[in-house]
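Atom set for the values below is all heavy atoms of this structure, side chains included, hydrogens, waters and symmetry mates excluded. All figures in this text were calculated on a predicted structure; none of them were measured in a lab. Chain letters run A, B, ... following the sequence lines, proteins first, then strands; residues in each count from 1.
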Amino acid sequence: MLFNTMRTKLFMLILCPLLLWGGPIQKSAETTIRNQFKQAITLQFDKYQLPPDIKKDIEKEVHQSFFMDQVYLWQIFRQDSLVGYALLDNVRGKSLPITFMVLFNGRAEITSSHIVKYRESIGGAVSNPQWQKQFTGKDASSGFSVGDHIDGISGATISVHAVSKGIRKLALLARYLITQPILSANENQP
Amino acid sequence: MRRSFLFMLVCIMFLPLMTPVWSQDEFFTPTTTIGGYGELHYNYSKMESQDSEQLLDFHRFIIYYAHAWTEKWSLKSEVELEHNLVGDGQGELELEQAYIDYHHSDAFGFRAGVLLTAAGLINEFHEPPLFLSVERPAYNKYIIPTTWFGNGAGIYGRANGFSYRLNVMEGLDGSAFSAATGIRGGREKGYKANAEALLYNAALDYRGLPGTRIGVSVTTNNAVVNDSVNNAINLMEFHAQYEAHHIFAAVEFGNLTFDNGPVETARGFYVDLGYEIGHWFNQNTRIMPWLRYTDYNTAAVTQAGGNSQKANHHQKWLVGIAVKPIPQVVFKVDYGVDTIELNDQSTTLFNLGAGYMF
């Protein structure tokens with residue numbers, strides 16, 4: 001009797017985590033982007049190489065480095081017209097990278113932000129949509145200071161500060177990107 | 001019950017073997033991280049009709065060391081030097097955390113090694129910039145014996161704003177419980193600890209609303225007193241914290257029962273209220289005046305009854321200011337009075353502190 005129950009419990013314990021398996025970053029990010037739009041959209045993906053001077057200026061302003069020399073960039077099209085952008089980068093949590101993504105409209109205002117992958121055992125509450133909602137509507141000139149403009153999370157201090165800076169960093173990059181020909185040239189070419 | 005739980009734990013330990021290697025992504029590289037925190041304290045205390053005592057103590061120096069081999073497999077550790085020296089009965093060098101962490105998914109992870117018991121607001125998050133007072137709240141010393149750590153294994157995870165921890169850990173030393181300090185003396189701190197009567201610990205927290213944390217935990221252990229006597233303890237506690245709109249509020253309540261000892265129940269609570277005023281001056285420096293009221297009794301119900309239920313009943317208020325020039329550095333000052341119910345005996349306290357984390 002005990003053995004039977006144990007076997008069932010064991011089976012469930014092994015099965016449950018397997019069902020929760022995540023996909024590769026790009027795929028999972030694209031699913032998140034599509035979920036933000038009611039109508040069908042097309043996505044154009046690039047690994048955007050950061051111009052060194054822009055990278056340096058933004059890093060100096062925010063006091064946080066970009067994770068690499070490139071970020072993931074999606075241009076979002078609906079019926080051939082550009083309706084927004086998504087940028088994906090990583091910040092360091094206590095010891096592991098936190099992969100996050102910010103969606104912008106054509107005016108570089110944040111329409112939503114998401115944690116695509118969280119790898120630490122603590123501080124994961126930065127993934128909560130209710131916390132992320134605080135960034136919606138902000139742009140490069142908004143306040144991102146934790147305590148003044150962004151509410152913190154008890155037990156996730158390091159992640160909260162890192163992600164808030166990271167989102168501000170992408171907002172500054174988005175403000176620059178919307179002025180760039182590389183994006184406007186593609187506007188009608190999904 | 002215990003056997004089946006242990007069996008399940010062993011099974012969980014083998015689960016990671018099923019993990020495919022391809023689950024790694026392009027952003028991960030094996031990383032070693034160093035962090036830490038520390039705190040310097042000045043403590044003045046004066047009991048009525050006695051001389052004052054003044055101490056300048058580098059209370060804690062902690063080195064956090066972590067290594068991630070893969071995205072899912074990592075080691076986390078914390079070594080603590082207490083009171084800046086280790087000598088005969090003075091100071092302590094402790095391995096407060098050292099565990100292998102297997103982070104399978106957001107909803108499920110496993111760890112084994114030296115773990116922190118999941119109880120209260122402070123035991124798992126005890127860095128000085130995270131609480132207001134110079135010393136940790138008395139509640140988090142005598143009701144929840146922070147820092148409470150020990151050898152063990154557990155699972156954890158989070159979903160929809162909830163997070164859970166389930167731990168099986170070394171037992172407490174029931175012969176070291178006392179009316180004045182509750183179960184604090186019973187912590188075995190991972191030193192050849194008792195595995196005859198294991199400790200079970202379960203905690204659930206909700207952080208779905210920005211700035212808010214609400215949680216409960218249950219910890220139970222049939223603590224060994226000697227070869228033939230046990231004293232089972234059961235700690236149930238509730239905690240909540242709110243930090244938003246420049247307000248800081250925290251409340252914790254805990255009830256600890258003993259089934260076979262001179263003390264039958266210990267209980268306590270405290271409430272913190274603070275308001276951040278740095279923003280009035282448009283400053284980046286955070287300045288938080290606060291007040292705390294604490295009531296705890298490590299021998300609230302005793303077999304003897306009478307005065308023995310009053311001798312360890314503390315009522316304590318504290319006021320203070322915590323100043324953070326940057327989020328990781330804090331300077332603190334607080335003042336208060338701690339009154340013991342029996343004979344209405346009061347101690348005046350004044351503390352200064354400097355702390356950091358990174």
Side-chain angles (χ1 to χ4, degrees), chain A residues 2-3 5-6 9-11 13-14 16-26 28 67-68 72 88-90 92-99 115-134 145-148 150-158 160-161, chain B residues 3-4 7-8 11-12 15 18 23 25-29 31-33 35 64 66-68 71-72 74 76 101 103-109 111 121 124-125 127 129-130 156 158-161 163 205 207-213 241-246 250 276 278-279 284 286 327-328 357:
Chain A
L2 174 74
F3 187 63
T5 4
M6 285 306 305
K9 281 179 190 166
L10 186 60
F11 181 70
L13 271 168
I14 291 171
C16 288
L18 290 179
L19 292 173
L20 297 164
W21 214 261
I25 297 279
Q26 188 187 338
S28 127
F67 198 72
M68 295 183 201
Y72 283 11
L88 179 143
D89 192 24
N90 295 268
R92 290 233 166 261
K94 182 123 185 169
S95 56
L96 293 169
I98 303 168
T99 307
I115 301 296
V116 177
K117 192 163 193 178
Y118 194 85
R119 299 165 179 83
E120 304 269 10
S121 55
I122 58 169
V126 287
S127 306
N128 293 344
Q130 289 299 327
W131 187 75
Q132 291 289 341
K133 262 186 197 165
Q134 300 181 93
S145 156
V146 176
D148 290 327
I150 300 295
D151 294 332
I153 300 170
S154 163
T157 313
I158 291 172
V160 161
H161 284 273
Chain B
R3 268 182 56 188
S4 65
F7 179 63
M8 274 166 69
C11 295
I12 292 164
L15 174 67
M18 300 172 61
S23 61
D25 69 58
E26 61 269 43
F27 297 121
F28 175 82
T29 46
T31 324
T32 302
T33 313
Y64 169 89
H67 182 76
E71 209 173 82
K72 294 183 185 296
S74 61
K76 311 271 163 64
D101 188 357
H103 188 75
H104 185 88
S105 64
D106 290 343
F108 178 81
R111 50 193 167 192
L121 289 173
E124 295 165 286
F125 305 99
E127 292 87 346
L130 304 184
Y156 66 88
R158 65 182 168 84
N160 299 322
S163 61
D205 278 284
R207 291 188 178 89
L209 303 168
T212 307
R213 175 184 173 196
Q241 186 171 313
Y242 177 79
E243 193 172 4
H245 302 106
H246 305 287
E276 201 283 309
H279 70 281
N284 286 328
R286 304 276 175 229
Q328 298 83 4
M357 65 186 280

Legend entry - Winner by heavy-atom pair count (cut-off under 4.5 Å) against chain B, out of Ile153(A), Thr99(A), Asp148(A), Ile122(A): Asp148(A)
Inset, instruction - For chain B, find which of Pro129(A), Gly147(A), Pro97(A) contributes the most heavy-atom pairs closer than 4.5 angstrom. - result: Gly147(A)
Legend entry - Distance-minimising heavy-atom pair for Ser154(A) and Arg213(B): OG-CD, 3.4 Å
Legend entry - Non-hydrogen atoms of Ser95(A) and Thr33(B) that approach each other most closely: CB-OG1, 3.0 Å
[X], part contacting chain A, at a heavy-atom distance under 4.5 Å:
{"X": "Glu243(B)", "answer": "backbone"}
{"X": "Tyr242(B)", "answer": "neither"}
{"X": "His67(B)", "answer": "neither"}
{"X": "Arg207(B)", "answer": "both"}
{"X": "Glu124(B)", "answer": "neither"}

Inset, instruction - Find the distance between CZ (Arg158(B)) and CG (Asn128(A)) and round it off to the nearest 0.5 Å. - result: 7.5 Å
Legend entry - Residues which pass side chain to side chain contact (heavy atoms under 4.5 Å, CB included) with Ser74(B), listed by chain and number, not counting sequence neighbours: Ala68(B), Lys76(B), Asp101(B)
Legend entry - Parallel, tilted or perpendicular: rings of Phe27(B) and Phe67(A) (30°, 60°): perpendicular
Legend entry - Per-residue contact mode, Thr157(A) against chain B (heavy atom under 4.5 angstrom): side chain
